[in-house]
> 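Before we start, here is the structure in question, set down as structure tokens.
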Amino acid sequence: MAVIEPNRQRIFASIFPPVHGDDDTKPKTRSRDPEQATWDRAWLVATTFLTIPDRGFRGIEDYVPRAPGREVNDALGYLAAEKGVADRDEGSIFEWYGGEMRRHFYKNFKVGLVKLLDQPNALRKIVYGLQLIRKIYFSPLMEYLLPLLGAVEQEKVFVQRRRGFHLMVAYTLPWQRVSPLLTGELMTHAVTILGIDTLEEDGSAEDDEDSMEVDRRHSVSYRDWRDELSAEVRMQMMTEGEDTRVTAARERLLSLFNDLELVGMGGVRAQKVFASVMNTMMTEFIRAAYTGQWEGPSKVSQHLRHWIENVYARLAVQVLSIINAPESGTNEADRLDVKLSDVEKWQEIGLSRLGALRTGELFDVIVEWPASIGAIEDLRHFTAHPAGRYQVTHSFSAVLDHRLLHPGASTVEILQIYISIIRAFNLLDPKGVLLDRIARPIRRYLRDRPDTVKVIVGGLLADPADAHGQTGSGDTLVELSAELTKAHQNSMRSDRGELDWDDMNWMPDPVDAAPDYRKSKTSDVIGSLISLFDSKEAFVKEMQRMLADRLLQKRTDFDQEMSVLELLKLRFGDNALQACEVMMRDVFDSRRVDAVVRNDQGLTRKPEISTPGSEDEDIPELHAKILSHFFWPEIQEQEFSVPEEISELQQRYAAGFASLKQSRKLTWLNGLGQVTVELDLEDRVFVDEVSTWQATVIYAFNSPAGDAASKTANELAQELDMAITLVRSACLFWVSKRILAEVQRDTFRVLEVLPNEEDEAVGGAGVSGTDDNTGDASADTAAAAEAAAAAAAKESAEAAAMEKMNLYWQFIMGMLTNQGAMPLQRIVMMLKIAVPGGFPFSNEELREFLAGMVAKGKLEIVSGGNYKIVQ
């Protein structure tokens with residue numbers, strides 16, 4: 001026998017009443033409770049009215065609320081009353097309606113909402129659809145059910161039904177698919193509200209008045225804010241009226257969040273998306289607003305704080321006031337409002353992002369120093385924390401390895417950037433800990449550069465006047481000379497060092513300082529460069545060599561060299577630079593000795609008896625600088641025979657010197673002098689100052705008969721006892737001056753008359769070996785002269801280098817003979833040990849020299865790249 005459950009039995013009986021019979025003749029049936037029958041009838045009427053028709057997603061606009069009749073109103077009132085729901089285990093009409101909402105939603109709307117995720121403008125369509133769905137579900141609830149309850153019960157029932165609706169939405173629309181849609185929508189509006197798009201426009205169209213007005217009325221570009229406005233106006237521009245475009249974007253964004261919160265897509269998940277977008281927007285604003293803004297004094301930090309407080313935080317407050325609304329009521333204590341401490345934290349985050357931006361720009365900032373001093377000021381706040389200090393040094397060191405410390409960068413460039421690093425990091429961290437970390441790899445790399453000492457000493461000896469307005473000139477750091485003087489002036493100030501007990505600003509070393517860290521208050525650029533090497537001997541030797549080159553020049557003023565020498569004596573001591581002092585004294589003493597010797601030997605030309613064409617006028621003037629051989633560095637001499645007239649003058653000069661200095665003897669270094677030559681040609685007179693070997697070569701073309709004889713390079717080399725490379729270099733020099741013409745390879749002739757333009761046009765740049773006039777025209781075109789000058793300079797440099805390298809060939813021969821085949825690196829190492837004063841050439845220069853020896857058959861390369869003497 002089937003048993004009908006109590007609840008279903010009541011519902012069944014409300015439609016099919018039981019049959020009553022006589023007590024004696026008909027089966028007895030259960031008597032029906034009148035109150036239960038009334039409740040059943042009311043339940044049927046109410047649920048029939050509230051049942052939502054299944055019209056599907058496409059017919060969503062057809063869900064028109066129906067007007068209830070009197071019977072429906074009575075049934076709803078009865079079921080909502082306390083007596084109608086007391087002691088009933090089937091639940092209330094409100095719970096039934098929540099179930100009806102779930103049934104209808106999953107059957108009619110779930111599939112359609114999921115399909116909207118793949119359509120354009122999906123988020124807007126989904127929100128619009130959910131708003132219609134919510135209206136369908138909540139209109140009967142708000143119009144017919146909730147008015148039947150008290151205020152407290154109304155809120156309770158509404159919150160329950162709203163939570164149920166939101167859960168359905170969350171279950172239907174996976175957040176991992178909704179989140180990207182919301183992120184894109186937020187970014188579209190946030191870039192306008194926060195002023196990021198106008199900053200991008202300002203970078204590409206600075207003269208656009210409309211764009212500039214947007215900046216002024218909204219977020220205010222940093223450049224305008226810094227340069228044009230007072231502090232009060234800056235604040236007004238941050239807070240007063242917005243551009244209409246910005247206002248519209250703000251309204252759309254806030255409306256979107258209101259709609260999301262209404263349909264159950266707000267809450268904690270929307271907060272996370274909004275926080276992520278705002279995090280990205282802060283970084284993007286800092287990048288767009290402050291990249292390349294390095295001018296000092298910097299007000300970037302102040303501008304960023306104002307923007308966060310008045311633009312960024314304003315948007316955050318407006319959005320959070322929507323998505324942070326408490327679910328259980330309007331109690332203000334439950335709200336998550338933005339506090340002043342939150343704004344201060346956002347400002348700290350913004351300053352950290354600014355520090356990260358400046359860290360990424362740091363190499364370019366250093367290159368542009370000191371015009372970029374403002375960027376270093378921005379980094380100060382960032383480096384106040386150990387994590388920021390580590391990031392700056394770690395990131396910058398990696399950039400230096402990639403962009404600076406490589407063979408493609410010249411030593412001058414590396415030293416210049418190192419000098420800028422010293423100045424910038426002394427401003428960033430006066431204690432010097434950051435500089436200590438950054439400088440170590442640079443200093444190690446510079447020690448391995450063969451020309452580091454040469455560049456530094458050359459910069460110290462440069463003219464300070466050249467340092468104004470430029471940082472370097474060619475291969476010279478001209479600012480080092482000015483820096484040396486400035487460092488001396490700073491050292492004259494009273495300074496008792498790190499242990500000054502009266503220094504009220506003293507601070508201990510930072511906790512991140514290296515164990516071997518040492519910082520002196522008097523450290524400067526010059527001190528840092530001089531301390532590159534463990535020993536000062538390298539600087540002293542290079543100073544001697546470069547000072548010798550400068551002192552041998554035909555000059556009368558050596559004030560710069562004397563000043564540098566005195567300043568360096570304060571750093572190195574008198575004994576270290578004693579040889580340099582002797583060299584300076586030799587030059588000044590030579591002037592007095594030269595005057596005495598010339599006067600005693602009658603070498604001084606007397607103007608009162610010297611007349612044009614006289615024999616006395618033709619006597620060359622000979623001046624000599626007398627050097628102390630022991631104190632001067634070894635000088636590589638080019639040996640050759642000077643003209644007989646000069647040789648006779650040298651003998652007379654030497655005799656005069658011997659009579660003046662009886663214990664000393666002169667040894668002439670002919671290749672180190674300068675000669676003023678005057679060449680009297682048919683159509684011109686040439687006067688210039690040249691080297692002695694160049695003058696000797698052109699003098700060899702002097703013919704008493706006046707004919708323009710041709711000479712070959714080999715003939716000149718034999719006649720003058722001069723190296724063939726030096727002869728050819730001198731001849732090419734005179735070709736570049738249009739004194740000689742190369743009629744054929746290594747054959748030269750004096751160009752007495754310059755060819756006219758017509759001859760040059762006919763001759764072109766070709767070479768003729770038969771016709772003299774044609775040969776002259778072709779050899780002396782402008783292009784030929786320029787090419788000859790370049791070739792002369794190149795061959796001269798190569799000749800000088802080869803002559804110096806030949807001096808070490810005997811060392812190399814001895815090593816390879818005694819120890820067998822050796823690789824290049826080992827040869828270099830042995831030369832640095834064996835050669836007094838060190839081996840001055842680089843690995844590449846030695847490799848080229850050895851390759852030449854291989855080509856000549858003196859060496860051969862065996863397995864492993866080892867060099868071996870050919871037996």
Side-chain angles (χ1 to χ4, degrees), residues 461 544-562 565 578-607 609-610 615-679 687-700 702 720-722 726 730 800 803:
L461 291 173
Q544 286 181 264
R545 190 190 67 79
M546 296 194 71
L547 185 61
D549 293 341
R550 297 171 71 91
L551 293 178
L552 291 177
Q553 296 175 5
K554 189 178 179 181
R555 292 167 48 195
T556 58
D557 179 15
F558 296 100
D559 293 341
Q560 171 63 15
E561 288 77 7
M562 292 178 60
L565 188 60
Q578 181 181 6
C580 295
E581 285 192 285
V582 174
M583 293 164 59
M584 292 290 300
R585 189 162 54 248
D586 283 347
V587 172
F588 292 114
D589 290 347
S590 293
R591 297 177 182 174
R592 178 179 54 82
V593 173
D594 179 69
V596 172
V597 172
R598 283 170 49 80
N599 184 63
D600 291 345
Q601 296 297 317
L603 300 177
T604 303
R605 185 178 296 177
K606 300 178 181 180
I609 64 174
S610 178
E615 182 179 354
D616 184 64
E617 185 186 27
D618 295 335
I619 298 177
E621 286 196 32
L622 178 65
H623 295 270
K625 288 184 178 179
I626 303 169
L627 316 178
S628 301
H629 176 71
F630 181 78
F631 291 96
W632 283 69
E634 182 180 357
I635 299 175
Q636 302 298 329
E637 166 65 358
Q638 300 286 349
E639 296 183 357
F640 56 90
S641 298
V642 298
E644 183 178 353
E645 294 87 341
I646 303 300
S647 179
E648 292 177 356
L649 292 176
Q650 287 177 340
Q651 293 176 8
R652 292 172 58 185
Y653 195 103
F657 179 80
S659 63
L660 183 65
K661 304 283 187 178
Q662 297 181 0
S663 60
R664 302 172 66 182
K665 181 182 178 181
L666 289 182
T667 299
W668 293 94
L669 303 177
N670 295 324
L672 299 182
Q674 293 88 34
V675 180
T676 300
V677 298
E678 180 178 339
L679 305 178
V687 179
D688 197 2
E689 186 174 287
V690 299
S691 65
T692 51
W693 48 276
Q694 290 170 341
T696 301
V697 169
I698 197 62
Y699 188 82
N702 185 28
L720 304 176
D721 293 330
M722 186 181 294
L726 204 60
E803 288 295 327

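Quick caveat: nothing in here was measured; it's all calculated off a predicted structure. Counting from 1, the numbers follow the sequence of the chain as shown.
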> Could you walk me through whether T692 and Q674 pass the side-chain contact (heavy atoms from CB on, under 4.5 Å) check?
CA-CA 6 Å; T692 51; Q674 293 88 34; over 6 Å; no

> In sequence, state the C-alpha distance, the side-chain angles, and the governing distance for S647 and Q650, and then conclude on side-chain hydrogen bond (donor to acceptor under 3.5 Å, both in side chains).
CA-CA 5 Å; S647 179; Q650 287 177 340; 4.8 Å; no

> State whether the side chain of R598 and the backbone N or O of H623 hold a donor-acceptor pair below 3.5 Å, judged by distance alone.
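Side chain of R598 to backbone of H623, a donor-acceptor pair under 3.5 Å: no, none is there.
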
> I'd like to check W668 versus Q651 (side-chain heavy atoms, cut-off strictly below 4.5 Å). Are they in contact?
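The answer is no; the side chains never approach within 4.5 Å.
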
> Does the K625 side chain pair with the main chain of R591, one donor and one acceptor, at a distance under 3.5 Å?
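Not confirmed, K625 side chain does not pair with R591 backbone.
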
> If I take atom OG1 from residue T696 and atom CG from residue L726, how far apart are they, to the nearest 0.5 angstrom?
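These two atoms lie 9.5 Å from each other.
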
> Please assess Y653 against D594 for the test side-chain contact (heavy atoms from CB on, under 4.5 Å), listing each intermediate value before the final yes or no.
CA-CA 9 Å; Y653 195 103; D594 179 69; 2.6 Å; yes

> Nearest 0.5 Å, please: how far is CG in L672 from CG in D549?
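The distance works out to 9.0 Å.
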
> Take V687 and V677 through the test side-chain contact (heavy atoms from CB on, under 4.5 Å) and record every step on the way to the result.
CA-CA 6 Å; V687 179; V677 298; over 6 Å; no

> Can you tell me how far CD1 of I646 sits from CG of N670, rounded to the nearest 0.5 angstrom?
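Spacing of CG (N670) from CD1 (I646) equals 9.5 Å.
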
> When you look at N702 and Y699, which way does the side-chain contact (heavy atoms from CB on, under 4.5 Å) test go after all the steps?
CA-CA 5 Å; N702 185 28; Y699 188 82; 4.3 Å; yes

> For the OG atom of S590 and the CD1 atom of I626, what is their distance to the nearest 0.5 Å?
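S590 OG to I626 CD1: 5.0 Å, rounded to 0.5 Å.
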
> Just by distance, do the side chain of Q694 and the backbone of S691 share a donor-acceptor pair under 3.5 Å?
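Yes.
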
> Find the distance between CZ (F640) and CG (D721) and round it off to the nearest 0.5 Å.
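The distance works out to 11.0 Å.
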
> For residues L627 and L552, determine if any side-chain heavy atom of one lies less than 4.5 Å from a side-chain heavy atom of the other.
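The answer is yes; the side chains approach within 4.5 Å.
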
> Could you give the side-chain donor-acceptor pairs of residues 579-586 under 3.5 Å, partners two or more places apart or in another chain?
residue	atom	partner	partner atom	Å
E581	OE2	K569	NZ	2.8
D586	OD1	S628	OG	3.0
D586	OD2	S628	N	2.9
D586	OD2	S628	OG	2.9
D586	OD2	W632	NE1	2.8

